[in-house]
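Hydrogens, waters and symmetry mates play no part in the numbers below; they use all other heavy atoms, side chains included. Letters A, B, ... mirror the listed sequences (proteins, then strands); counts begin at 1.
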2 protein chains.
Amino acid sequence: MSSNNLNVEHKLNEKSVKPTAVRNLVLKYLVERGKAFSVSDLEEAFDTIDKSTLFRTLKTFEQNDLVHTIDDGTGKLKYALCTSSCNSSTDHQHFHFTCQKCGETFCLPKTELPSIELPPNFAILESNLVLKGLCNDCNT
Amino acid sequence: MSSNNLNVEHKLNEKSVKPTAVRNLVLKYLVERGKAFSVSDLEEAFDTIDKSTLFRTLKTFEQNDLVHTIDDGTGKLKYALCTSSCNSSTDHQHFHFTCQKCGETFCLPKTELPSIELPPNFAILESNLVLKGLCNDCNT
DNA sequence: ATGTCTATTGCAACTAAGTTGCAAAGTGGA
DNA sequence: TCCACTTTGCAACTTAGTTGCAATAGACAT
Ligand SMILES: [Mn+2]
Ligand SMILES: [Mn+2]
Ligand SMILES: [Zn+2]
Ligand SMILES: [Zn+2]
């Protein structure tokens, strides 16, 4: 855990985010959890940290490419740790999967969009694809 | 407009939805508008109808395949009229486009999903694909 | 016409996610 | 130590959507 703390502080320094107490705690949680999460998840995990602080912490993380957001349609914005192949320079665009039973949300390996027939003179700038179904744990 | 009223009542009867005053008004508005809309749009258009009634009306419409919902990520659920090729029997699955400038949301012609690489033993049951960019009106 | 029954509507209060202003506390440098 | 700047907590707010309940409107029978 001490090694984890160092690891986490290093990650923050790498992205030029000042490693404060809250940020260390939150990032450590994210790394150990390894799955997408919502602010409610964090509120449960850290009942002493105010939700506004959590939102602001995650906004800072997002702006510095530590996490990306996922709108999976469940009503709560999800966040997931960015991987090395997922930073702003290489356009961290990929798709996601939400399990309709357990509610977990997963990042999927990067896939190209099919060519979609658009009305004339429409231009695509980004896309949000969320697949829904059953994850390995919940599939029968 | 009288013909529109009859038209709208006919549509409701067709789907076994009792044509009440509110339902006639709302459905007429939808048909004439011809674009996806939010409950806020309806609240503006009908300032005497309570929002709970509007939500309930749309839920009724949705359950009877008069409209389908679109989660375009703007924070307000959108609704669009179902077309003949868009009813529950033929699985009204298709994708959508949201203009980032004017905020309009459009239904796209039905397209097949590409084969997406999933983790083992995951099963896709549905999908939500929203493309974002500029519509014809807003594209330069 | 009158009463009765049921579905619809309006109203008000509520929930939940997310935001914001501001003051208190922390951090780090001169 | 003192000062400046950043982070955090708190409370109040915003907005989409929901819910319980009472009022109302039809539909239909008498
Ligand atoms: Mn992801
Ligand atoms: Mn549609
Ligand atoms: Zn699952
Ligand atoms: Zn537009």
Footprint string (nucleotides 14-21 of chain C, 5' to 3'): B base within contact, S backbone only, - free, heavy atoms under 4.0 Å: ---SBBBB
Sugar-phosphate only, base, or nothing, as touched by A:Thr74 at under 4.0 Å among non-hydrogen atoms: nothing
Length of the line joining B:Gln63:CD and C:dA7:P, which is rounded to integer Å: 15 Å
Whole angstrom value for the distance that separates P of D:dT6 from CG of A:Asn64: 14 Å
Rounded interatomic separation in angstrom, taking CZ from A:Phe61 and P from D:dT7: 11 Å
Sugar-phosphate, base or nothing in reach of A:Thr48, heavy atoms under 4.0 Å: sugar-phosphate
Donor-acceptor side-chain pairing of A:Ser38 and A:Asp41 below 3.5 angstrom: yes
Close residues, residues 18-26 of chain A, relative to DNA chain D [heavy-atom separation under 4.0 Å]: A:Lys18, A:Thr20, A:Val22, A:Arg23
Backbone N/O of A:Leu66 and side chain of A:Asn64: donor-acceptor pair under 3.5 Å: no
salt_bridge(B:Glu126, A:Lys132) N-O dist < 4.0 Å: no
Distance-only polar pair, side chains of B:Thr111 and A:Glu117, donor-acceptor under 3.5 Å: no
Gap between atoms CD1 and P, on A:Ile49 and D:dG9 respectively (whole Å): 6 Å
Donor-acceptor contact below 3.5 Å, side chain A:Asn139 vs main chain A:Cys135: no
A:Ser52 versus A:Arg56, side-chain donor and acceptor atoms under 3.5 Å: yes
A:Phe37 and A:Tyr79 aromatic ring geometry - parallel, tilted or perpendicular at 30°/60° bounds: parallel
Length of the CG-P vector between B:Leu42 and C:dG10, whole Å: 13 Å
Result of checking B:His94, B:Gln93, B:Glu62, B:Lys78 against B:His68 for side chain to side chain contact (heavy atoms under 4.5 Å, CB included): B:His94
